[in-house]
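Here the structure is laid out as structure tokens; the discussion comes afterwards.
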Amino acid sequence: MSSAAFDSMWSALEQVGRVGSGGYRRFAWTPEDRTLREWFAAECARRGLDLTVDRVGNQWAWWWDGPGTVDDAVAAGRPGVAIGSHLDSVPDGGAFDGPLGVVSALATVDRLREAGVRPDVPLAVVNFVDEEGARFGVACAGSRVLTGQLTPERALALRDADGTTYAEALRAAGRDPAELGPDDETLRRVGTFVELHVEQGRALVDLGAPVAVASDIWPHGRWRFDFSGEANHAGTTRLEDRRDAMLGYADLVLGARHVATQRGCVATVGKVAVTPGAVNAVPSRVTGWLDARGPQEDQVRALVDELTGRAGETGAQVVRESWTPTTRFDAALGDRLRQVLARAGGAAEPLSVPVLGTGAGHDAGILATAGVPSAMLFVRNPTGVSHSPAEHAERADCHAGVEALVACVRDLTSLRAAPAADGADA
């Protein structure tokens, strides 16, 4: 039954925000986003879940059949377990990044109910807003503001490519910008967070496993490089007389690849703005955005320092727009989930469950940084492609992901003692 529910929900989402490339444009506080939020609310209402919206706009749907309210349970020392992800996308993004986690979380509720399970602690399904940062440039904005890692003042002043501020977008979506801010009341309800996500790589293909547990998120950040020059005629200005802002930008693009290779990192210049932007004009200003990540924090910082130094030789200005150090997921929680998944798969040894690090940022990482015990499950991606229409997961692996999440949630929402590790006292 839960497989059919998964398939039905997946079909309902397939055309929302889809564009000619076959990918999706589901940006925060747009009509497409409104449709997704309404879909989520309807699915939660269909299941009788208690939907709340925090000060940022993140949607939380609670299942609690125990005595009193969710807050009563929290006060009695029974904080909730939250599962879910996000529904927004990058430009021309794939179908799975985010929605797979939300649909799987709702299907998990169905599967638990089919099995007659009643959680001993509250269970929430969450849809985080603006995880990708595609419109306003700051990833995980919904969870960052929620946890106080992004101030309301900075968030409200962010602008999209059309010059619309975050505050204006909120008003257009019917929300009061003055309400935006950290929400400690919501956070107090969450004792554990588990986010299921499509794998953004292809390690599980090589490992022959449909599901893995995450270990950490690599350090990563975004930097803006502003190169200045002088606009002039492309056909009449001698090369030696030109101040071409594009040359510094070109060095940044090539340098990013070269230095990243040397330092075992990845670096991407995936966005550029050119002024005046005419084919027959020498650029007077070029702005490029660098995304840099890697398994070792010191190497990522060294990469950016080297590129900043090279750009500085041309007079460029460099602004750090975001930085997140290495985020390690709760080790005890990860070990517990590996044991649960090993048992569910008929294995006695938790080492049979793969553990993967990732270079992609996630709301689970933001909550982990805020002190919420968090974990992630990855579902196999046979192409390894993400942030692209080619992103994919086989339906059988999606269903396996649901079953894995069911096993984990069933264990985490039970008040019985956590399973002891091999050789440890029970």
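None of the values given here were measured: they were computed from a predicted structure. Computation of the quantities below employed the complete heavy-atom set of this structure, encompassing side-chain atoms and omitting hydrogens, waters and symmetry-equivalent molecules.
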What closest approach, in Å, do [X] and [Y] show between heavy atoms, and which atom pair accounts for it?
X    : Y    : result
T326 : P219 : OG1-CD, 3.2 Å
L187 : L146 : CD1-O, 3.8 Å
F96  : C398 : CE2-SG, 4.0 Å
T327 : A368 : CG2-CB, 4.0 Å

Does some side-chain heavy atom of [Y] sit less than 4.5 Å from a side-chain heavy atom of [X]?
X    : Y    : value
V109 : L123 : yes
L170 : D176 : no
D92  : R25  : yes
P91  : F27  : yes
F6   : D110 : no
W39  : N127 : no
P177 : Y166 : no
L252 : L307 : yes

Donor-acceptor pair between [X] and [Y] side chains, under 3.5 angstrom:
X    : Y    : answer
T69  : D72  : yes
R336 : T192 : no
T52  : D50  : no
Q317 : D226 : no
D291 : W289 : no

State whether the side chain of [X] and the backbone N or O of [Y] hold a donor-acceptor pair below 3.5 Å, judged by distance alone.
X    : Y    : value
T314 : A311 : yes
D184 : R188 : no
D88  : A28  : no

For [Y], is there an ion pair with [X] - N to carboxylate O distance below 4.0 angstrom?
X    : Y    : value
E14  : R18  : no
R222 : E321 : no
R328 : D216 : yes
R380 : E394 : no
R135 : D130 : no

Hey, could you give me the CZ/CZ distance between R144 and R154, rounded to the nearest 0.5 Å?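 Answer rounded to 0.5 Å: 8.5 Å.
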Regarding R189 and the six-membered ring of W60, is the cationic atom NZ or CZ under 6.0 Å from the ring centre and inside 45° of its axis?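 So R189 doesn't make the cation-pi contact.
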Ring of W63, cation from R113 - is the NZ or CZ under 6.0 Å from the centre and inside 45° of the axis?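 Yes, R113 and W63 form such a contact.
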Of all residues at least two apart in sequence or in a different chain, which pass the side-chain contact (heavy atoms from CB on, under 4.5 Å) check with [X]?
X    : value
P354 : L204, L207, A209, A212
A370 : T147, Q149
D206 : R202

Results of salt bridge (Lys or Arg N to Asp or Glu O under 4.0 Å) for D298 - residues two or more places apart only: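 D298: no salt bridge (Lys or Arg N to Asp or Glu O under 4.0 Å) contacts found.
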Among all residues two or more places apart in sequence or in another chain, which pass the side-chain hydrogen bond (donor to acceptor under 3.5 Å, both in side chains) test with E199?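 Checked E199 against side-chain hydrogen bond (donor to acceptor under 3.5 Å, both in side chains); zero matches.
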How about R395: does its CZ atom have over 12 heavy atoms from other parts shown lying under 6.0 Å from it?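 Enclosed: over 12 neighbouring heavy atoms sit under 6.0 Å from CZ of R395.
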Relative to the ring of H362, is the ring of F378 parallel (under 30°), tilted (30 to 60°) or perpendicular (over 60°)?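 Because their plane-to-plane angle lies in the 30° to 60° range, the rings of F378 and H362 count as tilted.
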Which pairs, with at least one residue in residues 35-46 and sequence neighbours excluded, count as a salt bridge (charged side-chain N to carboxylate O under 4.0 Å, His left out)?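 Every pair satisfying salt bridge (charged side-chain N to carboxylate O under 4.0 Å, His left out) with a residue in residues 35-46: E43-R46, E43-R47.
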